[in-house]
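Atom set for the values below is all heavy atoms of this structure, side chains included, hydrogens, waters and symmetry mates excluded. Residue numbers begin at 1 in each chain, while the letters A, B, ... track the order of the sequences.
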Amino acid sequence: MNPRYSPDQVERKAQADWERADAYRARDDDTRRPKFYCLSMFPYPSGKLHMGHVRNYTIGDAIARYRRMRGFNVLQPMGWDAFGLPAENAAMANRVPPAAWTYDNIAYMKKQLKSLGFAIDWSRELATCKPDYYKWNQWFFLRMLEKGLAYKKTGVVNWDPVDQTVLANEQVIDGRGWRTGALVEKREIPMYYLRITAYAQELLDDLAKLPEWPERVRAMQANWIGKSVGVRFAFRYEQIASANLLPLSQVNEHARERVSARPLLPPGEGTGMRDEAVFASRERDGVRDVGAAPRSNERAVAMRNAAGTSPSPSVPLPPGEGREEKLWVFTTRADTIMGVTFCAVAAEHPLATHAARNNPALADFIEECKRGTVIEADLATMEKKGMPTGLSVTHPLTGESVPVWVGNYVLMGYGDGAVMGVPAHDKRDWDFAVRNSLPIRRVIASKQLLEDRYRAIDELEKENISIDREKITDVRYIEDFVFKKNISKQAERAINTLHSQLIHEGCFIDYGVVINSGEKYDGLDYEAAIDAIAADLKAKGLGDKQVQWRLRDWGISRQRYWGCPIPIVHCPSCGDVPVPDDQLPVVLPEDCVPDGTGNPLAKRADFVDCTCSRCGKPAKRETDTMDTFVDSSWYYARFCGTDNATAMVDQRVDYWMPVDQYIGGIEHAILHLLYSRFWTKVMRDFGLVKYDEPFTRLLTQGMVLNDIYFRKPESGRITYYNPADVDVTCDDKGNRVGAVLRADGRAVEWDGLGTMSKSKNNGVDPQQLIEQYGADTARLFVIFTSPPEHTLEWSDSGVEGSSRFLKRLWSFAEESKTFVDPGLIAATIDWSQTDDELKIARREIHLALKQANNDFAKLQFNTVVSAAMKMLNALEGVPGASRSAQGVKRQPADKMVVTEGLNMLLRLLAPITPHVTHVLWQELGFGDDIARAPWPVHDETALARDVIEMVVQVNGKLRGKVSVPADASEESVRQAALANATIAHHVGAKPVRKVIVVPGKLVNVVV
RNA sequence: GCGAAUGUGGCGGAACUGGUAGACGCACUGGACUUAGGAUCCAGUGGGGUAACCCGUGGGAGUUCGAGUCUCCCCAUUCGCACCA
């Protein structure tokens, strides 16, 4: 045995053993053991592993290895999320086909994963760019098409006019194409969508079935799905005619013209939208103008066509031809409807478009809004700008005329693209009204305000002062009118109270009681008011309660080469024809080198030209590929049977699925996880699987951060320096006082912590770490430094610390080797003859193990490592084992405690640092394979004590300690505590009022 | 603006159901061994005070014999976002 820890040697030996034994192959149906499916999110093969991968897979591996030792039949597979944009970018940069680049990366990263010693069943490896995988994307897509769960409609894309290509959001920088710098245009093109909205209700409800997901992920998903229950109603606009406006049917016509002025059909797409009737979708109004028609329309259709469960049906559709003279809005606060003082419509709304025809200023404003940001956070804080359209509409309940404005804070994409404006009870409307001097009408009051109002009215009426009872809650009315009256002190006081309450409440957005809304509604609370108002609107045929969703259907078409081909053929006579199942997969050619212009697939005649399976005439293949989120929406199910060439999944999913533990980054909290949940439900409804949810438990690990250092010269660009090249200087107490670049010794500035990135030059290459310290140190560091869900701050000295611990472990084991005797067990020892010191050490070891087991179950691995360190500290303290005790004669009890302690410690650490524990296990003669050893459990009898130390408090403050026999009675403990000199000093002459004894822990003397 | 979380030494972080705050590690200080050490080992290390003691878990109230932990009100930071009407 090497006296010095040599990670390189140890890891090579351990990995060779595992390879030879095929140690981590998962058995497909082991009836003797419970199954455990442990999955980490598969990586995109970007080139090499980054620290985030190392962290993710180490956490997953620790869980998998722990479960295996706990007796589970564990499946831990690995694959590659291999389609995607970076491969195309690399292709352009290096003139290499994306396929070759991707496969090279996979080979390299696989080697890296193996060098980290993960217990992965590599026989199940898959890559989403292989036809045997993506064939099933295509097959499943066709099934969804048949059921109407996939359909075609137009969508907006970024278009680079120079390269004649579609750009991803990521490729648009400040509104310009990343390669050409050309101003990016918005274009409408036909795309395929998946009806995730048909599952909105179930996706929302089933979050309750995921109690072991982090609360915040469930909250984010619920917000994303965004169910709101409210009232959708209409303002009529008879006045349109008098304002000499076109009927809305013509307005829509106008909007359509504007969009079709620059049509775009992708190459190979000749038939337009009419052919969609071929497929199961019955959506009639497939042609959609930018912003010209509301979204809830689609949703209503989606709900009707959906297989499986459906959200509740929606109310009548927004304006179409024949029903045009209504402005529809949606609100969750119908109780405030009598407080409407304006309406605001989105810039893209047909009314806005129409009003702008003869109003250049308004047209300019609309253009400005359309160019503006659509990022929520920016919009939320920006100025609420608006412009009147000159139109007005009629309030459905009061019949009052309400002005219509164009507002930059109204989104066309949500609801009907129009809102009612109730400034008194909505912050945005308030801001908008204040800015544009629109009236504010208060219609909801808090209880306090109600009281103040009654009192003020009473007082004024006593003095026979006539006032407007409605306007009394208007600050301006009070100031302009009431304050100017000659009133008694008492009345003035009441008015003052009311006035300051009004000022205090300002824009009152809470629920309250309805006021100033007419006899019928006044006094009602939120729910009653909404019921009454919705009923009245319904009776007039002007609205009803409605459920509104935020979730939109999932557009999966990508105008990109490196992705799964959408299995459709465009035939001049038959239209869009699905590829028959027996012709699947539609194989993507792997030798294309995209150059950034146009669509590379469209240039490949051997791909595009084909024959129509219906009529046998020449036809063109669809050249769009699928969103890579499709690939990752079901890969976890495929791992159960990657070898099945005839079916997407087979009965093995019934054994393995659902995934028991899923581990990945928080950045996937919404899209990937939501799409996977959706996909699962569709697979279930197609009879492919039996479970409702794919991931039982979810762990979202935090990001990996590092210091950021930079210099900013007086002129020129900021330069970032890698923290590895920077020395930090500290004062005597360890406070950071400065940092210098090692190369030139001059100061650099510290810019806090940030995620490891190329742009900030603060990355750490895992490969270097492994080469310098070994995989076990890397694993130990990422596990120990932070709890899994927190961010992890990189620290070179932290790595040193982890390495130091493993060195200590190794040398302790090495020194103990001569007297470790696996035959010694606790029962052979006469504990009454052993030193207290030894018993205390053994107790510490078992106590630490107990804590570690608690923490392991909670997935709090950092404290598991703490416990392991405590165990080693205690072992080093065993009298006969310490280095300083060379020559001391070792008692059997010493040997037993060291043997037992090492044996438990190695097993405890095996999931985290598998190599070093594997080798030491063998070296110490404990067995061949530590991974097959049972999980260590502490011995309760080792925790027992004869004498315990109890804390004594006086008035809750720590004042002393007393040692008492473990079985001492409460009374004797009390006596011992009061007899203690320090305690007596603190009690002094004060009378003891009460003594609280917490058995085994403390005594509190109350004086 | 909305949603979610988090605030504990110089730093990462411990503290099970309210019961010794700061485990474990890093950094730092002193010492040992060394030609040397950025290796290793030993000791110390929340702040203040000579001391007895006092103060300490973002701030402020409260409940309790006792609060990092429970309740209420503030403040700050981080993350997500598609103005969710």
Side-chain angles (χ1 to χ4, degrees), chain A residues 214-220 222-224 226-228 230 329-333 336 344 373-382 384 407-411 413-416 418-422 426-429 431 548-552 666-667 669-670 702-703 728 730-737 781 784-787 789-802 804-805 807-808 811 848 850-851 854-855 858 860 862-870 873 883-884 949-961 985 993-996 998 1001-1007:
Chain A
E215 174 61 38
R216 71 166 166 157
V217 174
R218 282 184 291 160
M220 282 163 93
N223 288 338
W224 193 262
K227 179 179 185 174
S228 21
V329 300
F330 175 77
T331 179
T332 53
R333 290 299 302 271
T336 66
T373 179
V374 288
I375 296 166
E376 184 175 352
D378 297 343
L379 286 161
T381 46
M382 79 182 185
K384 308 290 181 284
N408 65 350
Y409 69 106
V410 183
L411 286 189
Y414 187 78
D416 296 289
V419 298
M420 66 178 196
V422 184
D426 182 284
K427 194 70 181 71
R428 285 164 315 219
D429 295 345
D431 293 344
Q548 184 89 6
W549 299 88
R550 178 178 182 272
L551 186 68
R552 307 198 284 240
I666 186 71
E667 67 272 21
I670 297 176
M703 293 180 301
V728 176
C730 293
D731 65 13
D732 280 3
K733 300 204 167 174
N735 301 312
R736 172 202 291 269
V737 290
F781 170 75
F784 175 56
T785 306
S786 284
E789 312 234 44
H790 285 209
T791 54
L792 184 150
E793 293 174 25
W794 186 262
S795 142
D796 288 322
S797 43
V799 176
E800 289 283 354
S802 297
R804 198 174 300 144
F805 171 72
K807 282 185 208 161
R808 264 175 60 207
S811 44
K850 185 182 180 182
Q851 179 218 315
N854 251 330
D855 295 343
K858 288 190 296 183
Q860 192 176 302
N862 54 325
T863 48
V864 171
V865 176
S866 292
M869 288 170 168
K870 281 184 204 169
N873 290 347
R883 276 160 241 243
S884 52
E949 193 173 61
M950 287 181 72
V951 164
V952 187
Q953 299 176 329
V954 177
N955 284 347
K957 290 199 171 176
L958 175 65
R959 295 302 181 192
K961 292 175 185 180
H985 169 248
R993 283 217 324 239
K994 203 167 159 192
V995 178
I996 290 153
V998 182
K1001 282 198 172 147
L1002 61 73
V1003 182
N1004 190 11
V1005 182
V1006 186
V1007 296

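- What separates CG of A:Asn223 from C1' of B:G1 is a distance of 14 Å, to the nearest Å.
- Residue A:Phe784 is in base contact, counting any heavy-atom pair closer than 4.0 Å across all strands shown.
- In this structure the side chain of A:Arg959 never reaches within 4.5 angstrom of the side chain of A:Val1003, judged on heavy atoms.
- Each of B:G80, B:A4, B:A27 was ranked by its minimum atom distance to the side chain of A:Ile670; first place goes to B:G80.
- Closest to the side chain of A:Met869, from the set B:A4, B:C24, B:G80, is B:C24.
- Considering only heavy atoms from C-beta on, A:Lys807 stays 4.5 Å or farther from A:Arg804 through its side chain.
- Side-chain N/O atoms of A:Asn1004 include none lying less than 4.0 angstrom from OP1 or OP2 on B:G19.
- Regarding A:Asp426, its CG atom lies at a distance of 12 Å from the C1' atom of B:C2, rounded to whole Å.
- Distance A:Leu958 CG to B:G68 P: 13 Å, rounded to the nearest Å.
- Proximity of A:Arg216 to A:Ile666: side-chain heavy atoms (C-beta onward) are separated by under 4.5 Å at one or more points.
- Side chain of A:His985, nearest nucleotide from B:G19, B:G80, B:C53: B:C53.
- Between A:Met420 atom CE and B:A85 atom P there is a gap of 11 Å when expressed in whole angstrom units.
- Residue whose closest nucleotide on RNA chain B sits further toward the 5' end, between A:Val217 and A:Ser866: A:Val217.
- Each of B:C41, B:C24, B:G13 was ranked by its minimum atom distance to the side chain of A:Arg808; first place goes to B:C41.
- In B:G12 the O4'-C1'-N dihedral to the base is more than 90° from 0, which defines an anti nucleotide.
- Taking atom C1' in both B:C26 and B:C75, the straight-line distance is 31 Å, to the nearest Å.
- Note on A:Val951: a base of the nucleic acid sits closer than 4.0 angstrom, heavy atoms only.
- Rounded to whole angstrom, the span from the CH2 atom of A:Trp224 across to the P atom of B:C81 amounts to 7 Å.
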(request) Give the C-alpha distance, both sets of side-chain angles, the deciding distance and a yes or no for side-chain contact (heavy atoms from CB on, under 4.5 Å) between A:Asn873 and A:Arg808. (result) CA-CA 10 Å; A:Asn873 290 347; A:Arg808 264 175 60 207; 2.5 Å; yes
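- Taking atom C1' in both B:U63 and B:U69, one finds a spacing of 14 Å when rounded to whole Å.
- For the P atoms, the distance from B:G22 to B:G44 is 15 Å, rounded to whole Å.
- In terms of phosphate contacts, A:Gln860 brings no side-chain nitrogen or oxygen within less than 4.0 Å of OP1 or OP2 of B:A23.
- Contacts of A:Glu215 with the nucleic acid, taken as non-hydrogen atoms under 4.0 Å apart, involve only primed sugar atoms and P, OP1 or OP2.
- Phosphate contact (OP1/OP2 of B:C55, side-chain N/O of A:Lys957, threshold under 4.0 Å): present.
- The two residues A:Ser802 and A:Phe781 make their nearest non-hydrogen contact at OG-CA, 3.4 Å.
- Separating the C1' atom of B:U78 from that of B:G30 is a span of 39 Å, rounded to the nearest Å.
- B:U20 and B:U57 have their P atoms separated by 15 Å, with the value rounded to a whole Å.
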(message) If a pair means Watson-Crick or G-U wobble with both distances below 3.5 Å, what does RNA chain B look like in dot-bracket form, with | marking bases paired to a different strand?
(response) (((((((..(((......[....))).(((((.......))))).(((....)))..(((((..]....))))))))))))....
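- Within the nucleic acid shown, A:Arg804 comes within 4.0 Å of sugar-phosphate atoms alone, with no base atom in reach, counting heavy atoms only.
- The distance from atom CH2 of A:Trp549 to atom P of B:A85 is 13 Å, rounded to the nearest whole Å.
- Residues A:Ser228 and A:Ser795 both approach RNA chain B. Their nearest nucleotides, taken by heavy-atom distance, put A:Ser795 toward the 5′ side.
- Side-chain atoms of A:Thr332 lie closest to B:A85 of the nucleotides B:C53, B:A14, B:A85.
- What you find for A:Leu792 and A:Ser786 is that their closest heavy atoms are CA-OG, 3.7 Å.
- Of the P atoms belonging to B:G47 and B:G56, the separation is 16 Å, rounded to the nearest Å.
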(request) Dump the intermediate steps for side chain to side chain donor-acceptor pair (under 3.5 Å) on A:Arg993 and A:Asn955, then the final yes or no. (result) CA-CA 10 Å; A:Arg993 283 217 324 239; A:Asn955 284 347; over 6 Å; no
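- For A:Arg959, a side-chain nitrogen or oxygen approaches OP1 or OP2 of B:C54 to under 4.0 Å.
- Using a 4.5 Å heavy-atom cutoff, the side chains of A:Ile996 and A:Gln953 are not in contact.
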(request) Please assess A:Trp794 against A:Thr785 for the test side-chain contact (heavy atoms from CB on, under 4.5 Å), listing each intermediate value before the final yes or no. (result) CA-CA 9 Å; A:Trp794 186 262; A:Thr785 306; over 6 Å; no
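- Atom C1' of B:G10 sits at a distance of 30 Å from the matching atom of B:C16, rounded to the whole Å.
- The shortest heavy-atom contact between A:Thr336 and A:Met420 is OG1-CE, 3.4 Å.
- The base of B:U20 has none of its N or O atoms less than 3.5 Å from a complementary donor or acceptor on the side chain of A:Lys1001.
- For A:Leu1002, counting side-chain heavy atoms from C-beta on, the closest listed nucleotide (B:A4, B:G19, B:C83) is B:G19.
- For the P atom pair drawn from B:A27 and B:C42, the interatomic distance equals 15 Å after rounding to whole Å.
- The NE2 atom of A:His790 sits 11 Å away from the P atom of B:U8 (whole-angstrom rounding).
- When heavy atoms are screened at a 4.0 angstrom cut-off, A:Glu793 is found touching the sugar-phosphate backbone but no base atom.
- Taking only side-chain nitrogens and oxygens, A:Asn873 never comes nearer than 4.0 Å to OP1 or OP2 of B:A23.
- Nearest to the side-chain atoms of A:Ser786 among the listed nucleotides B:G19, B:A4, B:G12 stands B:G12.
- Here the P atom of nucleotide B:C24 and the NZ atom of A:Lys870 are 6 Å apart, to the nearest Å.
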